[in-house]
Protein chains: 2
Amino acid sequence: MIKAERHDLIVAELAKRGAVSVQNLAELLNASSATIRRDIAELDEHNIVVRTHGGAMLQDRNQELPFDAKVMAFHIEKRRIGAMAASMLTPGTTIGLGGGTTVMNMVTAMKKQTLHVVTTAVNVALELRDAPDIDVLLTGGVFRKRTAELVGHVAERTLQDVNLDVAIIGIDGIDLERGLTTYDSAEAFVNRVLISRAREVWILADHSKFGQVRPAIITEVGAISKLITDQNAPAELVAGIEKLGVSVLAA
Amino acid sequence: MIKAERHDLIVAELAKRGAVSVQNLAELLNASSATIRRDIAELDEHNIVVRTHGGAMLQDRNQELPFDAKVMAFHIEKRRIGAMAASMLTPGTTIGLGGGTTVMNMVTAMKKQTLHVVTTAVNVALELRDAPDIDVLLTGGVFRKRTAELVGHVAERTLQDVNLDVAIIGIDGIDLERGLTTYDSAEAFVNRVLISRAREVWILADHSKFGQVRPAIITEVGAISKLITDQNAPAELVAGIEKLGVSVLAA
DNA sequence: CCCAAAACGAGCAAAAATGAACATTGTTGT
DNA sequence: ACAACAATGTTCATTTTTGCTCGTTTTGGG
């Protein structure tokens, strides 16, 4: 059994049970505990799992939300997408972040880095409270209660004053002709401004978003730099997107 | 079973039942009562559960947020001050809110009212997520991690664009000669802007703030309209403040 | 108010897990 | 074929965790 296979199985086991011991995994995978420990350490470095004494778990209980998390759709995929996106950041750069669960997964994975963050999402700011080397600028704006995101002209004007190296946003639908879409038009507009201020645009979207069309258009597919998704994204759609000059990465 | 897993299960059990005994948990998790006690103690240190004699229970929702030590001090007084201030609001008006624990107490007490809120405090916005008839404008700005407040020119500029009926802020010190003061000068400055945009200024301060002087000046005592405090405020200071035209109310 | 049962904290020793160094195996490129 | 390298397993000293004992504190019933 090769390393990558073990890693996959460890993540799969965690997805099922939430936490596993080194011993269990050693038996399950016919590997020595030393190897399992090395595997877990590596997965932890990539922020895919959290290493603990005796084993590994999916998330640090300190940040475990009282609700969902484990119920959330495609949370393993989102976590891996977030971890990959976080690992691709250049230290010291300024990144703009929208809202959404996938982006939040990325934020938890990037806490140890050195960055400047501009965001329209209140949750992102709060999550970064214990990130010692990341400063956070909240755009301000009308507080959307459902998503805890900030919209409107205050958000827009604040964004007009910053330059971003990368804008990273989550979406609800991606379609070759209809572009990147979401449910709320005010949020779509703010995301459009975010995009306009950035040299590069990264989109985070698990495979369930492919081929979906939502009411509010954010931008066209050709306008983005990178699309970070999971292994299950439909191949022909991925090919079509790449043909538009977008680099598609599968976590 | 690894420690982290036990911790998760303890929290899960609490989520279901509200409270559990050490014995129950010991059986359920196949661990000794000593271990369970240590687990609960650790979870309690991280403020995830509340340790009690014989077991553990869920956090008291009213005092759970990130302020810890400060919240406990003068908790009762702050709550009464907050309740009184909330009861004095006129429906439909626009109020500006700063940060701090006393203001937060007021915010929890005003959720059912109909109001427009402008605030520099991220916690205030989140707290009002389930207030159906209050719309919230967050000013934006640099996110101060210690207090979760927003400061800097973005906050200032947003405030320049609004007119407030009342500005309500908490302070760390009030003194006849040295005025209203707080620890952080950036926050003091934002509060000053907040005050400048309002027709009326209400200050919330429990009695421990009287006679205190902190590094950063917000404004002079004569500039405020109402001071809402508790019964234990020193009488001679209150008299001096009233002489400056401030109406002092004791909750 | 008092007493017995239950729960607790602290110290301790056994057990489990870890990290680091080293040996072995397998793979890759030349 | 051979050297360089990565991955894995093994050993051992160290650290962390756990269960137990015992004296003390808290709780709740009479």
Side-chain angles (χ1 to χ4, degrees), chain A residues 1-64 80 83-84 87-88 109 111-112 130 231 251, chain B residues 1-60 63 68-69 72 75:
Chain A
M1 165 146 9
I2 62 171
K3 190 164 71 161
E5 196 175 350
R6 279 201 317 275
H7 286 194
D8 274 0
L9 290 173
I10 291 173
V11 173
E13 192 66 13
L14 276 170
K16 268 202 306 228
R17 323 216 336 225
V20 270
S21 69
V22 169
Q23 277 207 333
N24 284 169
L25 287 173
E27 278 178 51
L28 189 67
L29 307 180
N30 281 320
S32 73
S33 52
T35 300
I36 299 296
R37 258 180 232 111
R38 280 185 276 243
D39 286 341
I40 291 177
E42 198 174 328
L43 288 168
D44 178 74
E45 268 191 29
H46 293 357
N47 294 304
I48 295 171
V49 308
V50 176
R51 200 181 170 191
T52 70
H53 192 94
M57 56 191 297
L58 269 186
Q59 50 195 123
D60 192 335
R61 79 192 153 280
N62 291 332
Q63 65 204 38
E64 181 157 18
R80 301 188 65 140
M84 172 176 254
S87 71
M88 291 164 47
K111 281 191 196 177
K112 291 173 199 153
D130 56 347
Q231 306 275 359
Chain B
M1 163 138 19
I2 65 178
K3 189 167 76 162
E5 196 174 354
R6 278 200 318 274
H7 287 193
D8 269 3
L9 290 173
I10 290 172
V11 173
E13 194 65 14
L14 275 171
K16 269 202 306 230
R17 323 216 333 224
V20 271
S21 70
V22 170
Q23 277 206 334
N24 284 169
L25 287 173
E27 275 179 54
L28 188 68
L29 307 180
N30 281 320
S32 74
S33 52
T35 299
I36 299 296
R37 261 182 227 108
R38 278 185 278 242
D39 286 340
I40 292 177
E42 200 174 325
L43 288 168
D44 179 74
E45 267 187 33
H46 292 294
N47 293 313
I48 296 168
V49 307
V50 174
R51 204 181 164 189
T52 67
H53 195 90
M57 56 186 288
L58 282 181
Q59 296 276 14
D60 180 349
Q63 62 190 44
D68 301 340
M72 295 310 291
H75 178 69

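Every chain is numbered from 1, with letters handed out A, B, ... down the list of sequences.
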### Message
For dA7(C) and Arg51(B) - does any side-chain N or O of the residue sit under 4.0 Å from the phosphate oxygens OP1/OP2?
### Response
no

### Query
Side-chain N or O of Gln23(A) less than 4.0 angstrom from OP1 or OP2 on dA16(C)?
no

Between atom [atom1] in [X] and atom [atom2] in [N], what is the gap in whole Å?
X        : N       : atom1 : atom2 : result
Glu5(B)  : dT18(D) : CD    : P     : 12 Å
Ile2(A)  : dA7(D)  : CD1   : P     : 11 Å
Ile40(B) : dT18(D) : CD1   : P     : 13 Å
Asp39(A) : dG9(D)  : CG    : P     : 10 Å
Glu27(A) : dA16(C) : CD    : P     : 13 Å
Lys3(B)  : dT18(D) : NZ    : P     : 6 Å

### Salt-bridge present (Asp8(A), Arg80(A); N to O < 4.0 Å)
yes

Grab the N/O contacts between the protein and nucleotides 22-30 of chain D below 3.5 Å, and write none if there aren't any.
none

### Task
Check Lys3(A), Arg37(A), Arg51(A) against Glu42(A) for a side chain to side chain donor-acceptor pair (under 3.5 Å) and give me the one that passes.
Lys3(A)

Which atom pair, heavy atoms only, marks the closest approach of [X] to [Y]?
X        : Y        : answer
Ala19(A) : Leu14(A) : CA-CD2, 3.6 Å
Ala26(A) : Ser32(A) : CB-C, 4.3 Å
Arg6(B)  : Asp39(B) : NE-OD2, 2.5 Å

### Query
Residues from residues 28-38 of chain B sitting under 4.0 Å of DNA chain C, heavy atoms only?
Arg37(B)

### Query
For Thr52(B), which contact category applies under a 4.0 Å heavy-atom criterion: base, sugar-phosphate, or nothing?
sugar-phosphate

### Summary
Rounded to the nearest 0.5 angstrom, the CD1-CG distance for Ile10(B) and Leu28(B) is 9.0 Å

